[in-house]
Amino acid sequence: QVQLVESGGGLVQAGGPLRLSCEGAIGTFTDHGMAWFLQAPGQEREFVAGIRWTGTHTEYADSVKGRFTLTRDNTRDTVHLQMNGMKPDDTALYSCGRARDVVPSSTPMNYDSWGRGTQVTVSS
């Protein structure tokens, strides 16, 4: 396991933008897909977006397609989730995860490291 640190959460009005970041120690993202999951109170982790190690391929949950964009900077071992057109249903704790493989997965068990998460709250 490696330490992942998320930042950028907060309170945003519906329709507004928010940008989340996840940072790891140098080299910890090498050869690993990365992803963001959300978790609402009492619910299981839910896949939001994932990105291949090379950054050449991204995947999104249907609920965020066209609104969220996931990018990564392998020179700084960071990933960024740009969230636009926020909706109250986006309210959750967002965590980034490091995949065991070079590609991301929508299944939490395929990740070997998680951050503590950053809370996102969207007001209507």
Side-chain angles (χ1 to χ4, degrees):
Q1 288 190 345
V2 298
Q3 184 177 12
L4 304 176
V5 180
E6 301 98 337
S7 61
L11 176 65
V12 62
Q13 287 190 333
L18 204 62
R19 187 175 189 243
L20 305 183
S21 297
C22 173
E23 183 175 0
I26 298 300
T28 55
F29 288 11
T30 302
D31 292 331
H32 290 275
M34 298 295 297
W36 285 91
F37 285 71
L38 65 81
Q39 188 168 20
Q43 303 295 318
E44 299 292 324
R45 273 195 176 111
E46 179 181 327
F47 177 80
V48 176
I51 188 166
R52 191 181 178 97
W53 148 242
T54 55
T56 55
H57 179 72
T58 52
E59 301 174 11
Y60 298 94
D62 288 343
S63 59
V64 307
K65 282 180 181 176
R67 299 189 298 123
F68 290 11
T69 302
L70 179 59
T71 58
R72 64 188 295 161
D73 182 349
N74 289 338
T75 65
R76 293 181 170 83
D77 289 87
T78 58
V79 292
H80 302 287
L81 184 66
Q82 178 66 45
M83 306 186 293
N84 297 325
M86 299 291 290
K87 302 177 181 179
D89 283 350
D90 295 326
T91 295
L93 181 71
Y94 284 71
S95 301
C96 72
R98 190 183 78 163
R100 300 180 193 279
D101 202 347
V102 295
V103 296
S105 168
S106 62
T107 305
M109 68 179 297
N110 291 329
Y111 291 77
D112 64 9
S113 301
W114 296 94
R116 291 186 175 183
T118 184
Q119 179 65 37
V120 172
T121 302
V122 185
S123 63
S124 57

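Keep in mind that the numbers below use all heavy atoms, side chains included, and drop hydrogens, waters and symmetry copies.
- Distance CZ/R72 to CZ/F29: 7.0 Å, rounded to 0.5 Å.
- Summarising the geometry of A40 relative to A92, their closest heavy-atom pair is N-CB, 4.2 Å, with the distance given to 0.1 Å.
- S105 meets the side chain to side chain donor-acceptor pair (under 3.5 Å) test with N110; sequence neighbours excluded.
- Among residues at least two apart or in separate chains, there is no side chain to side chain donor-acceptor pair (under 3.5 Å) pair with a member in residues 2-16.
- For residues 61-70, the side chain to side chain donor-acceptor pair (under 3.5 Å) pairs, not counting sequence neighbours, are D62-K65, R67-D90.
- Applying the side chain to side chain contact (heavy atoms under 4.5 Å, CB included) test to T30 and every residue at least two apart in sequence or in another chain returns W53.
- Between atom CD1 of residue I26 and atom CG of residue N74 there is a gap of 10.5 Å, rounded to the nearest 0.5 Å.
- Minimum heavy-atom separation, R116 to L93: O-CD2, 3.9 Å.
- A search for side chain to side chain contact (heavy atoms under 4.5 Å, CB included) contacts involving D89 returns nothing, not counting sequence neighbours.
- Residues satisfying the side chain to side chain donor-acceptor pair (under 3.5 Å) criterion with T91, sequence neighbours excluded, are absent altogether.
- With sequence neighbours excluded, no residue forms a salt bridge (Lys or Arg N to Asp or Glu O under 4.0 Å) with D101.
- Among pairs with a residue in residues 41-88, none fulfils disulfide (SG to SG under 2.5 Å), at least two apart in sequence or across chains.
- Within the 4.5 Å cutoff, the side chain of Q82 has heavy atoms near those of the P17 side chain.
- The distance from the CH2 atom of W36 to the CG atom of L70 is 8.5 Å, given to the nearest 0.5 Å.
- Judged purely by distance below 3.5 Å, without hydrogens or angles, the side chains of H80 and T71 never pair a donor atom with an acceptor atom.
- Taking 4.5 Å as the limit, every side-chain heavy atom of S123 sits out of range of all side-chain heavy atoms of V12.
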* Trace of the side-chain contact (heavy atoms from CB on, under 4.5 Å) decision for R98 with T28 -> CA-CA 9 Å; R98 190 183 78 163; T28 55; 4.2 Å; yes
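- Residues forming a side chain to side chain donor-acceptor pair (under 3.5 Å) with R76 (at least two apart in sequence, or on another chain): D73.
- For the pair P88 and A14, the tightest heavy-atom approach, listed with the atom from each and the gap, is CD-CB, 4.2 Å.
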* To do: Could you please spell out the steps behind the salt bridge (Lys or Arg N to Asp or Glu O under 4.0 Å) verdict for D112 and R100?
  => CA-CA 6 Å; D112 64 9; R100 300 180 193 279; 5.1 Å; no
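- Sorted by first and then second residue, the disulfide (SG to SG under 2.5 Å) pairs involving residues 67-116 (not counting sequence neighbours) are C22-C96.
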* Take F68 and V48 through the test side-chain contact (heavy atoms from CB on, under 4.5 Å) and record every step on the way to the result. => CA-CA 9 Å; F68 290 11; V48 176; 3.7 Å; yes
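- For the pair L38 and R45, the minimum side-chain heavy-atom distance is 4.5 Å or more.
- Take Q39 and apply the side chain to side chain donor-acceptor pair (under 3.5 Å) test, not counting sequence neighbours, and it matches no residue.
- Residue pairs satisfying the ring-ring contact (aromatic ring centres under 6.0 Å, His included) criterion with at least one member in residues 98-124, sequence neighbours excluded, are listed as follows: F37-Y111, F37-W114, Y111-W114.
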